[in-house]
Asker: 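Let me give you the structure first, and then I'll get to my questions.
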Amino acid sequence: MSKKKKVGILTAGGDCPGLNAAIRGFGKAAIRDHDMELIGIQDGFLGLAENRTVTLGPRALSGILTVGGTILGTSRDKVNRMVIDGEEKDMVPTIADTYDKLGLDALVTIGGGGTAKNAHKLSKAGLNVLHLPKTIDNDIVGTDDSFGFSTALEIATDAIDRLHSTAHSHHRIILAEIMGHRAGWLALGSGIAGGADVILLPEVPYKLDSIVAAIEKRRKQGLNFSVIAVAEGARDETDSAALAGAQALVHSSKTPETKAAAKKAKKDLEHSMRENTLKLAAQLEEATGLESRVSILGYVQRGGIPCAHDRILATRLGTMGAKLVDDGEFGIMVASQEGGTTTVPLKEVGGKVKYVPSDHPWVKAAREVGTGLGD
Ligand code: F6P
C-alpha cells in the first residue's frame, strides 16, 4: 500500500473573508477524495520556520465555511528576510528543514502576490508548493478574481450607501477611504456600485481642481453634497510623481546597500502621505466652503463572514488545488480565469500587481455615468 501524501497548509499576508472556506475546500477534498493527510501551519511562514503546527482532520474542518479570518493565524513575514530576535535572517534553509522534518510531500500557501513571491522562493529551493489566491484588493496577477474581494466589495458598497444619506442630510462632502494601497479595484467597484460622485484610484493621479469642479457642477444642479470614494493609495499628481521617482530609484539601485536605502526612502515617503485623505478633505472644504468629513473604512473591510461568491470561489479553487497536489503539479497558483479554473506559474505571479487598466470596462462605465476620476 502506498504511503498517504502529507500536505501542510498555511495562510499568509493580510487576513480576509474566505480563508477558512479555502482551507476547508482544500482539506475536505484532500482527505475525502485524495486520501491525504493534512496539517495546518500556524501564523504563515513564521510558523513554518518555527515548526508550529495543528492537525487538520475532518472535525477541525467542519463548521468553518462561514467563519471570518483564518483558523490558522497569519503573518506578513518574508521567507528570505524574516525578523528573528530583532535581526533579519534568510529562513529558507530552516523552512526547508522543517518541511523535511514534518515529512511533507507538499505545501499549500494561501495569500496574495507577496505570499506568492515567498511561495516561489520556496519552490525554487525544492519544496513542492501550490498557491491559492486571496486578497480583498483583487490585485493578484494571473487570476480574474481572488476570494475576499467580493465580500469587501459588499462591505464598502454598504458603507457608501450609508454615507450617502448622512452626506445628503448635512449638505457635506464625505470621503470614504477604501483599502487598496497599490490597486484601486475595491474603491472603483464600490464607488460604481454605491454611486460615488468621484472615485480616486492609485492608478489615476488626481488634480484637486478637477474634484472641486465635479462638486461645483453638482451644486449648480442643486445637489449640495457629494460622496467621494478614495482608495487609500490615491495621490495627487505631485505626490504620485514623487512616489514614482522613489520607486524608480529602488529599481535603478545597483548594490544591496543602495537598494535598501532607496526602499527605506520610499517607505518614509509613503508614511509621510498616510493621512492623505484627511488632507484632501481639508483642501476640499477650503475650496468649496462645504463641510467635509472622512470615514476610513479600514479593517472592517477584511472582517466577518464571507459572501456566497467568495465561499464558492474559495471552495472551487481549494478543491481544484487538492486534485493538482495529488497529480504532482507544483510551482503554480490555482487561478480563476473567464469563469473557469486554471493554473499559472508562480514566477509569473510573485511580487507583481494587477493594476486597474485605464481602459477597463469598469473605468469606462464610471465615466459614462458622469463619475469623476479626478483626472
Ligand atoms: O493587502 C490587503 C490590505 O488590506 C491592503 O488593502 C491594505 O493596505 C493592507 O492590507 C493593510 O494591511 P496591514 O495593516 O494588515 O498590514
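Along the sequence shown, the residues carry numbers beginning at 1. Atoms within a ligand are numbered from 1 in the order they appear, just like the ligands themselves.
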Asker: Has Gly112 got any heavy atom lying under 4.0 angstrom from an atom of ligand 1?
Answerer: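 For ligand 1, residue contact (heavy atoms, under 4.0 Å) with Gly112 is absent.
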Asker: If the plane angle is over 60° it's perpendicular, under 30° parallel, otherwise tilted; pick one for Trp362 and Phe149.
Answerer: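 Rings of Trp362 and Phe149: parallel, under 30°.
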Asker: List the closest protein heavy-atom neighbour of atom 13 (P) of ligand 1: residue, atom name, distance to the nearest 0.1 Å.
Answerer: Arg76 NH2, 3.5 Å
Asker: Atoms of ligand 1 less than 4.0 Å from Tyr299 heavy atoms?
Answerer: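 Those qualifying, in numeric order: 13 (P), 14 (O), 15 (O).
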Asker: Just which atoms of ligand 1 are under 4.0 Å from any heavy atom in Ile136?
Answerer: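 Once the distances to Ile136 are compared, the set is 4 (O).
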Asker: Would you call Asp43-Arg76 a salt bridge at under 4.0 Å N-O?
Answerer: no
Asker: Within the structure, does Arg302 bring an N/O atom to less than 3.5 angstrom of an N/O atom in ligand 1?
Answerer: yes
Asker: Would Arg235 count as a cation-pi partner of Tyr206, with NZ or CZ less than 6.0 Å from the six-membered ring centre and within 45° of the ring normal?
Answerer: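 No; the conditions do not both hold, so Arg235 does not lie above the ring face of Tyr206.
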Asker: Charged N to carboxylate O below 4.0 Å: is that the case for Asp35 and Lys4?
Answerer: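 Salt bridge between Asp35 and Lys4, a charged N being under 4.0 Å from a carboxylate O: yes.
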Asker: Considering only the protein, which heavy-atom contact is closest to atom 7 (C) of ligand 1, and what is its distance?
Answerer: Glu232 OE2, 3.1 Å
Asker: Taking the basic N atoms (NZ, or NE/NH1/NH2) and the acidic carboxylate oxygens, is any pair closer than 4.0 Å for Asp77 and Lys89?
Answerer: no
Asker: Out of Asp15, Ile178, Asp137, who is nearest to atom 1 (O) of ligand 1 when you count heavy atoms only?
Answerer: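 Minimum heavy-atom distance to atom 1 (O) of ligand 1 goes to Asp137.
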Asker: Can you name the atoms of ligand 1, numbered from 1 with element, that are less than 4.0 Å from a heavy atom of Gly180?
Answerer: 6 (O)
Asker: Between the side chains of Glu368 and Lys364, is the shortest nitrogen-to-carboxylate-oxygen separation below 4.0 Å, so that they form an ion pair?
Answerer: no
